[in-house]
Amino acid sequence: MVKAVQVHKSFGRVKVLNGVDLEVAPREVLCIVGPSGSGKSTFLRCINHLEKIDAGQLFVDGELVGYARRGGKMHELGERAVAEQRKNIGMVFQRFNLFPHMTALENVMEAPVRVRGESRATAREHAVKLLDQVGLSARRDMYPAQLSGGQQQRVAIARALAMRPKLMLFDEPTSALDPELVGEVLDVMRSLAEDGMTMVVVTHEMGFAREVGDAVVFMDGGVVVESGHPRDVLVNPRHARTAAFLSKVL
Amino acid sequence: MVKAVQVHKSFGRVKVLNGVDLEVAPREVLCIVGPSGSGKSTFLRCINHLEKIDAGQLFVDGELVGYARRGGKMHELGERAVAEQRKNIGMVFQRFNLFPHMTALENVMEAPVRVRGESRATAREHAVKLLDQVGLSARRDMYPAQLSGGQQQRVAIARALAMRPKLMLFDEPTSALDPELVGEVLDVMRSLAEDGMTMVVVTHEMGFAREVGDAVVFMDGGVVVESGHPRDVLVNPRHARTAAFLSKVL
Amino acid sequence: GCGSGGDPAADDVTSPAAGGPAASAAGTEIPAQEQDTAVAALVPKEFRDKGTVTVASDASYPPMEFMASDGQTVVGLDPDLGKALGEVMGLKVTIVNSQFDAIIPGLSAGKFDIGMSGFNDTEERRKILDFVDYYKGGSSFFAKSGGVVVKTLDDLCGHRVAVQKGTVQQDDVTAQDAKCKSAGQKSVDLQVYPDQAAANLALVSGRADVSIADTPIAAYQVAQSGGQFALTGDEYGVVMHGIAAPKGSGLVKPLTAALDTLMKSGAYQKILDKWGIGHTKLDAPLVNGAEPQQ
Amino acid sequence: MQVQHMTQAAESVESMPTVRRRQPGRWVAAAVVCVLLAMLVNTFVTNERFQWDVVFDWFTSDRILAGLGRTIQLTVISMLIGIVLGLVLAVMRLSDNPLLSGVAWAYIWLFRGTPVFVQLLFWGFISALYPRLSLGVPFGPEFTSFSANELISPFVAAILGLGLNEAAYMAEIARAGILSVDRGQAEAAQALGMTRGLALRRIVLPQAMRVIVPPTGNQAIGMLKTTSLVAVLAYPELLYSAQLIYSANYQTIPLLITASLWYLLITSVLSVGQFFVERHFARGSVISAGATDRRGSLRRLAARLPGRRP
Amino acid sequence: MQVQHMTQAAESVESMPTVRRRQPGRWVAAAVVCVLLAMLVNTFVTNERFQWDVVFDWFTSDRILAGLGRTIQLTVISMLIGIVLGLVLAVMRLSDNPLLSGVAWAYIWLFRGTPVFVQLLFWGFISALYPRLSLGVPFGPEFTSFSANELISPFVAAILGLGLNEAAYMAEIARAGILSVDRGQAEAAQALGMTRGLALRRIVLPQAMRVIVPPTGNQAIGMLKTTSLVAVLAYPELLYSAQLIYSANYQTIPLLITASLWYLLITSVLSVGQFFVERHFARGSVISAGATDRRGSLRRLAARLPGRRP
Ligand SMILES: Nc1ncnc2c1ncn2[C@@H]1O[C@H](COP(=O)(O)OP(=O)(O)OP(=O)(O)O)[C@@H](O)[C@H]1O
Ligand SMILES: Nc1ncnc2c1ncn2[C@@H]1O[C@H](COP(=O)(O)OP(=O)(O)OP(=O)(O)O)[C@@H](O)[C@H]1O
Ligand SMILES: [Mg+2]
Ligand SMILES: [Mg+2]
């Protein structure tokens, strides 16, 4: 579903990604762990072309992200084509980025109505169900500023799910969530995976990675240091850097 | 050091705190846990008068917060007096609130220079040390927008510590922090506690509460449901609500 | 000169309640003129085909031209004369309000055909305009009642003088200032205001001692001031005033002829009398200050 | 340490009444302001030089009302042109297309840089520069041409002069508004599959409005009075109507007061409108929470002051 | 499913050259704009009605330069008064003290509500209303009194009229700026023991500046041209100087062009100044990161467009 080949990315002179290679099979939940500043968020943003990669290739569902191959060259896609690709990729941000001028319900309905062209009634019905799923049915008419941090992140997840994406990207989705709600969210995510959803989750929650992840990737310094089944990577790391990181975290 | 007596607080018609009672001894680390929306953040904000309480009393270091007793009545304090009280209370916010127009170093130096009247040299020296402590010596001249979320929260902690407060309030200080850095921060906090620092920490990290907390308070629906030693509250809760919450979290 | 004051138009425009059109305001009705076929024959074909001629006036210059109480009709000496001239030429005259500054650019832009706005016929203006002169008049001083007394331009040294921009009076005072200085006297504090109303405010508020304007305007001002202002000194600098047409305009000839007709029929005198400046009349029309060449 | 003391305190204050902070300075200031206001009103009313009788005679006269109507008409039309064209220019200016942003830059530079008075004269007297306007192939044959004077009446010239000038100012205001919206908002919208245009329309602009509306209110109120410059085209709006009257009857001061009172009145109406527009675009901001009743929203602005106790 | 295909693709594209997106529309638009610009320049230069020789004769004449000097002087002084008083009024307006905010409200209402032309007349000819100004006990004895004309020279009247009026507009701009700063900023500052005043000065205002500076630039550029209204006080600034000249020599169009060119020039200088002030106050915003070189900062604005690829 996702395939990265030697992905490079710099901001000015700062090299953030130094050739990331990884692959996510359909229906797989991949967890990315790693120290702060290792480029986890940046890589995630590259997957839906929010950052343009400098070199390498990124495929989602077999399609090159942001480029088309024609005549042996890589042609940059127009913005409509990129938007079309993004419809299938849901994203949950580290800092929510809810639309502050819309209520929770409106936040969730916005994209289905405006981008997928669903009727307001259909979109509303779906949105209500999703808000219910994340435990916010009572707060659906509140504005983001009236919600606590945890509540906001749950709305953000519902908003991404509303587009019925094939792939979901999560950037530390639980870092602002209440522990008692993490479980609920994991349930939603797991049932999504069972329905055929592929997920890439940047997280600091080792428990979650172990429990839900089909695979774990350890990133450091802009490269994938180690990857494999959570059992192997988290319990018996092969690399010293992974071991050092885990010893502090666990 | 902190004493709350029947603290009440509403926003409009929404009652958020319904009579909170608790006490924190000097040198004690108190952890507040509880479900989302239970009023943990609001209570913390009352402690340094960022929210004015509707009824009840709050004492910090023996002084009434935001009021003075004269002639059998409670007189609201002027803003200078409140500012004076706040100098001794450091606060770390859920969402950092770093000053975006100042570099990390300037953020940390601002209050010592402007509020305590320290010389720039002294303040700078102290700030450099603090940034070092939180592992950011290399990024001291970066602006908040150039730092990752984890890095920003560490600057926010250094900024609060720069005022050499007697009491530190933390609103989920580690929720945006990288796991490998949580340990370092805990070390800083523990050594502070040993130097006589009292701390109130709202957190979702049960491991931290168990390890560092001298006491744990479980809040729900705007009241303290249960409090005591972490061993007791977290391992053998007496109340059903606490048990239900913990069963989901742990 | 002409301190007769009792202007017939005065009462109508001072009160918002007065409704009726300007003609009734003027009191004396000027009878319609008969078309003079000889004159009409002089009118260029372009205008004969159109049947109208557009006249620009700055309607803030009573009694020469000002807005009637309906807020749309320009009334005064120039509109009356303009209409009469049109009738003789067999053309319909449209009076258009325009700021004084904008009249000359408007003539070059073809927005207006002629300008009738109390134009002084000056050397400078003749470079770009032709004038059909229709009265000669000078300038008069006025000041606050009981204020300074000025008899001639020479008395202005050391005084504060408010004039409207672009007027001959501005040039007169500028020249006088140089004279004062070279005679070792105190200079003139010349204040040039964008319009006469501001110059008047300067008088009322004591910022200026004396103002100068064309005699009919000064007289009208004083009459309207309810005793606040008084004329002082003598009229000076009598010059020709003319109808302005762009250089080389085919209208100069028919206008001259039409004016001649009106002078002979006595309608010209009636119009001047109506607006209180009968004594300024010319005996025959002049073009650019001289006898028209045939 | 102080625990002993604290416990005592806690017991005794349990039911102690709370006294709001006294602010003696406030009362002194209030008294001073009241006396000054009384003096001001007193002198306004008793100073006969204001000639209030004349003011009110003219206040609802036909000429003044006609001028008022023209002023309002000019303001509304010019502001509409200014806002729409200004938004387009702002988006062009922020575009990564150097051509679009260059054209917008040049437009703004030229129209902000020259006096609107001159621009009005230009449109009004364009026939002095270009007697005929023609449509055709550049540097090639023309298809048709018009007389500039017929095409551009004084009213059209006024609208063009005011509206095109306003657009340059509105463009800068809209640009600042767009820049004030957090970048994460546009990213979140794009991550949902929105195109840039849609994200701009649905997500960025509505939030930018919070920053755009207050200066736009300023502009509208400014425009109300800028319209008086069309006097140069002899188009009698409110102030020029008053000037035409006082240039005939010399009651300068009362007529200026008449016009000013009308301006004050419309400005007040516009300000009330602005308040409601601002409230609309502030929805979702922290303080508007719960402030659904009128009193609440009137208090909203004050409540935003840093450090205000709720 | 598509894994097979993907693997193939990955192998073959490894070293494939990347082609930037082609934008044919851009080239067409560029061509059209170039032709139009050429036409514009062509007509400006060849249309003799513009009389460029006269324009440049007057361009550096003493009278025009003297007027220019007065215009700049009036603009600078009035804007300073406007900005300082405007900030004070904005803070008063946002105060929770109803008296302060009421006074600020009334001030803004009155000064925004009436034409600056009338305000200039009021200050210039105040002695028509109040021949003597006195200092004393309200409704009681006076201590001393002055002639209004001596106290208020035309220059002082111009400064008062323009500056006090500007303050009302600046107050609204500053208010919007202060409201645009996240409330959490003031809270964080107060939690550090700052008083409201200090938090305002050190934390809120510097951030508000990002929103305040662009409209203030607009205001300064507007003021540059509003100064021409002081003509009514017989104070010959730039435009009035030009008018005085053409009212004598009738070279209206070239003199208006002369004045416009000067306005355009100063506006350009002001805009460059505004750019640097804006850049200063944008420090710390995401995009200014790494944009320390000049080219970087010039690209900064464009880079802020939603969805721009870095
Ligand atoms: N827009 C940007 N401009 C410059 N540097 C940036 C930008 N975005 C990120 N960086 C830098 O790139 C590095 C990687 O950032 P990234 O946010 O991807 O890290 P991360 O692994 O997600 O860290 P964290 O766990 O703290 O969120 C950091 O050092 C950061 O400072
Ligand atoms: N300014 C406000 N206006 C209205 N309601 C508010 C405001 N601040 C908080 N609330 C409400 O008060 C309740 C308690 O909020 P608070 O932030 O104290 O919860 P919390 O325990 O910190 O939750 P979390 O763990 O999600 O941060 C929430 O339901 C929230 O919606
Ligand atoms: Mg990250
Ligand atoms: Mg909270």
Side-chain angles (χ1 to χ4, degrees), chain B residues 41 44-45 47-51 78-104 106-117 139 141-147 152 155-156 159-165 167-171, chain E residues 91-92 94-97 100 177-178 180-214 276-293 296-297 300-301 303-304 308 310:
Chain B
S41 296
L44 214 64
R45 292 162 56 80
I47 296 181
N48 68 354
H49 209 58
L50 280 179
E51 304 286 357
E79 78 146 324
R80 258 166 217 292
V82 172
E84 198 59 43
Q85 290 185 329
R86 288 192 186 124
K87 282 190 202 171
N88 297 322
I89 309 174
M91 179 146 186
V92 176
F93 293 85
Q94 206 163 9
R95 287 190 225 163
F96 328 154
N97 291 348
L98 287 185
F99 305 136
H101 57 305
M102 299 179 179
T103 63
E106 285 165 355
N107 262 280
V108 180
M109 287 168 60
E110 180 66 12
V113 171
R114 302 282 160 182
V115 179
R116 286 170 62 108
R139 303 199 176 260
D141 293 322
M142 288 203 161
Y143 287 97
Q146 295 169 278
L147 300 173
Q152 286 190 54
V155 176
R159 181 177 67 175
L161 291 176
M163 285 294 284
R164 307 175 202 264
L167 168 68
M168 282 283 286
L169 309 177
F170 293 86
D171 193 353
Chain E
V91 172
M92 281 171 71
L94 290 168
S95 152
D96 59 349
N97 182 332
L100 286 181
I178 291 172
S180 76
V181 178
D182 183 54
R183 207 178 142 67
Q185 290 293 315
E187 283 189 352
Q190 289 184 290
L192 287 168
M194 292 193 186
T195 56
R196 282 196 252 172
L198 190 59
L200 187 73
R201 205 150 40 78
R202 293 286 306 168
I203 308 302
V204 176
L205 279 186
Q207 294 180 58
M209 283 301 165
R210 255 186 62 202
V211 172
I212 291 176
V213 167
F276 285 103
V277 177
E278 277 187 36
R279 190 175 65 164
H280 174 75
F281 286 111
R283 70 186 187 281
S285 77
V286 182
I287 299 301
S288 79
T292 38
D293 61 317
S297 54
R300 181 174 57 87
L301 291 177
R304 293 273 202 90
R308 214 229 157 182

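Residue numbering restarts at 1 for every chain, and letters A, B, ... go by the order of the sequence lines.
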> In terms of heavy-atom pairs under 4.5 Å, which option from B:M163, B:K87, B:E110 contacts chain E the most?
Replying inline: B:E110
> Of all heavy-atom pairs between B:A83 and E:G193, which one has the smallest distance, and what is that distance?
Replying inline: CB-O, 3.5 Å
>> B:R80: which residues meet the salt bridge (charged side-chain N to carboxylate O under 4.0 Å, His left out) condition with it, sequence neighbours left out?
In response: none
> Among B:R114, B:E84, B:R45, B:Q85, which has the most heavy-atom pairs under 4.5 Å with chain E?
Replying inline: B:R114
>> If the test is side chain to side chain contact (heavy atoms under 4.5 Å, CB included), which one of E:R210, E:R202, E:Q207 qualifies with B:H101?
In response: E:Q207
> Which pair of non-hydrogen atoms, one from B:F93 and one from E:A191, has the smallest distance, and what is that distance?
Replying inline: CZ-CB, 4.0 Å
>> Within the structure provided, determine whether B:V115 and E:T195 are in side-chain contact (heavy-atom separation under 4.5 Å).
In response: no
> Measuring heavy-atom distances to chain B, does E:L192 have an atom under 4.5 Å in its side chain, in its backbone, in both, or in neither?
Replying inline: both
> Which is it for E:Q190 and B:M91 under the side chain to side chain contact (heavy atoms under 4.5 Å, CB included) test, yes or no, and what are the steps along the way?
Replying inline: CA-CA 10 Å; E:Q190 289 184 290; B:M91 179 146 186; over 6 Å; no
> With no hydrogens and no angle check, is any side-chain donor or acceptor of B:E79 less than 3.5 Å from a backbone partner on E:R196?
Replying inline: yes
>> Test of understanding: with salt bridge (charged side-chain N to carboxylate O under 4.0 Å, His left out), list the residues that count as partners of B:R116, not counting sequence neighbours.
In response: B:E118
> Which heavy atom in E:Q185 sits nearest to a heavy atom in B:L98, and how many Å separate them?
Replying inline: NE2-O, 2.8 Å
